[in-house]
Undergrad: 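Quick one: the structure is below, questions incoming.
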Amino acid sequence: MATIYFALAIGSVYLFRDVPALPAARSATGILRRLLRREKRKSSLPPQGQRLSEQASSAVRNPSFANLTWNQRGVLLTMSWFSMTNFFILASWEANIPIFTQHLFNYSPYNAGNFIALGGLVSFPVLFLNVHFSKRFQDRTTLAFGSSLGLAGLVSMLVLVAIDKVSKPLYFLCWCLVATGFSIATTCTLSLLSKQLPLEWNPWCSMVIQYAVYIGRVTGSVWGGAGLKLGEVKWLGLQVALVGIGSVMYTHLWKNLKAKTG
């Protein structure tokens, strides 16, 4: 892995180019012109209009949660929830598979690792197709499809565990559905959120989603490690509940999640 990152670092030097910075004089002139136009507009406004203009410019410089509408707050919460849920479930399965397969199928850690990797390999073609066709579908549709596919894997596994009919092929099929579905769902949360919030929120969108991912990764790994001790039904039940809560949220906000494709 270190070799791959080293090769990526070298390749990025030759494959990518930074956006050229504007000359200092030209940049300063443009800023000065904009400031002069702004002051001219403010001077022509009545006192009340000047206060509103100052408040608006302050809001742009300092994005505040209080300035968001209730629908925008709902979208922010929903995308954060799904980012956390997607990675919680993926991390939980990755941590649980070695323990569960060793207990049920007497797998070694090496065999369990191959089992996880094969599930990821099966999901790759679908993810590539998702990249190709994502411009034709809205992000809300991609999120609904991915989470529904992953939920189908969770519910199928829950039924198999409840009736004690878990076999290697069926378990692998459930893992493929979970890995593919929630991997697809992870591709659109940041994109959808950035399209719904004001432009000045873009840097904060990335931070919110990334913190949600970290929370999901850490807590999911702990939950997956405790799955066998807690009981697989309880382990799966929490995951189904998390997806169910998220489904209620985005169903309620479905109209507000509409955004341009691409």
Side-chain angles (χ1 to χ4, degrees), residues 70-71 73-101 103-104 116 119-120 123 126 139-166 170-190 192-193 196 208-257:
W70 283 106
N71 288 333
R73 295 177 189 180
V75 173
L76 177 62
L77 180 60
T78 302
M79 293 304 102
S80 301
W81 182 269
F82 267 104
S83 295
M84 182 276 295
T85 299
N86 293 335
F87 282 94
F88 177 91
I89 293 173
L90 291 173
S92 184
W93 276 71
E94 290 165 3
N96 183 261
I97 285 175
I99 302 171
F100 187 70
T101 53
H103 172 76
L104 199 63
I116 295 173
S123 69
V126 183
D139 290 330
R140 62 176 183 173
T141 306
T142 303
L143 179 62
F145 172 75
S147 57
S148 299
L149 188 63
L151 182 61
L154 291 176
V155 173
S156 300
M157 185 64 189
L158 184 60
V159 172
L160 291 174
V161 170
I163 64 177
D164 196 21
K165 295 292 184 180
V166 180
L170 293 177
Y171 184 45
F172 181 72
L173 177 61
C174 292
W175 164 233
C176 290
L177 290 174
V178 169
T180 303
F182 291 112
S183 294
I184 291 175
T186 61
T187 63
C188 58
T189 51
L190 178 58
L192 184 53
L193 182 60
Q196 296 295 329
V208 168
I209 295 298
Q210 198 60 51
Y211 280 126
V213 169
Y214 289 152
I215 293 172
R217 272 291 183 189
V218 174
T219 55
S221 298
V222 175
W223 185 250
L228 192 62
K229 188 173 183 179
L230 290 170
E232 295 296 310
V233 173
K234 294 180 179 178
W235 173 71
L236 289 162
L238 178 62
Q239 299 174 55
V240 173
L242 292 176
V243 179
I245 294 172
S247 300
V248 172
M249 293 166 71
Y250 83 66
T251 301
H252 180 71
L253 292 168
W254 181 255
K255 293 182 179 179
N256 302 106
L257 294 175

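Along the sequence shown, the residues carry numbers beginning at 1. This is a predicted model, so every value here is computed, not measured.
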Undergrad: Kindly compute the distance separating CZ (F145) from CG (L149), expressed to the nearest 0.5 Å.
TA: 5.0 Å
Undergrad: In this structure, are over 12 heavy atoms from other groups packed under 6.0 Å from F172 atom CZ?
TA: yes
Undergrad: Measure across G150 and V178 and return the closest heavy-atom pair with its distance rounded to 0.1 Å.
TA: O-CG2, 3.9 Å
Undergrad: Taking all non-hydrogen atoms of both residues, which atom of A152 and which atom of L177 are closest, and how far apart?
TA: C-CD1, 4.5 Å
Undergrad: Hey, what do you get for CD1 (I116) to CD1 (I97), rounding to the nearest 0.5 Å?
TA: 4.5 Å
Undergrad: Let me know which of T101, L104, L160 forms a side chain to side chain contact (heavy atoms under 4.5 Å, CB included) with Y171.
TA: T101
Undergrad: Have a look at W81 and tell me which of L242, L76, N86 forms a side chain to side chain contact (heavy atoms under 4.5 Å, CB included) with it.
TA: L242
Undergrad: Measure the CZ-CG distance between F82 and L77 for me, rounded to the nearest 0.5 Å.
TA: 11.0 Å
Undergrad: Step by step, work out the side-chain contact (heavy atoms from CB on, under 4.5 Å) result for I89 and T85.
TA: CA-CA 6 Å; I89 293 173; T85 299; 3.8 Å; yes
Undergrad: Output the distance between atom NZ (K229) and atom NZ (K234), rounded to the nearest 0.5 Å.
TA: 12.0 Å
Undergrad: Taking S183 for its side chain and T180 for its backbone only, find out whether a donor-acceptor pair lies under 3.5 Å.
TA: no
Undergrad: Do V75 and N71 come close enough that some side-chain heavy atom pair is under 4.5 Å?
TA: no
Undergrad: Please name the pair of heavy atoms, one in G216 and one in A91, separated by the smallest distance, quoted to 0.1 Å.
TA: O-CB, 4.4 Å
Undergrad: At their closest point, which heavy atom of G120 faces which heavy atom of S123, and how far apart are they?
TA: O-OG, 2.7 Å
Undergrad: Under the 3.5 angstrom rule, does the side chain of W235 hit a backbone N or O of L228 as a donor-acceptor pair?
TA: no
Undergrad: For residues F182 and L151, report the shortest heavy-atom separation together with the two atoms involved.
TA: CZ-N, 3.9 Å
Undergrad: Which heavy-atom pair separates C176 from G119 by the least distance, and what is that distance?
TA: SG-CA, 4.1 Å
Undergrad: Using the ring of each side chain (for Trp, its six-membered ring), is Y214 parallel, tilted or perpendicular to Y211, with breaks at 30° and 60°?
TA: perpendicular
Undergrad: What's the verdict on side-chain contact (heavy atoms from CB on, under 4.5 Å) for M157 and V166, showing C-alpha distance, side-chain angles and the deciding distance?
TA: CA-CA 8 Å; M157 185 64 189; V166 180; 4.2 Å; yes
Undergrad: So, S83 versus T189: side-chain donor-acceptor pair below 3.5 Å or not?
TA: yes
Undergrad: Distance from T78 atom OG1 to I245 atom CD1, nearest 0.5 Å?
TA: 11.5 Å
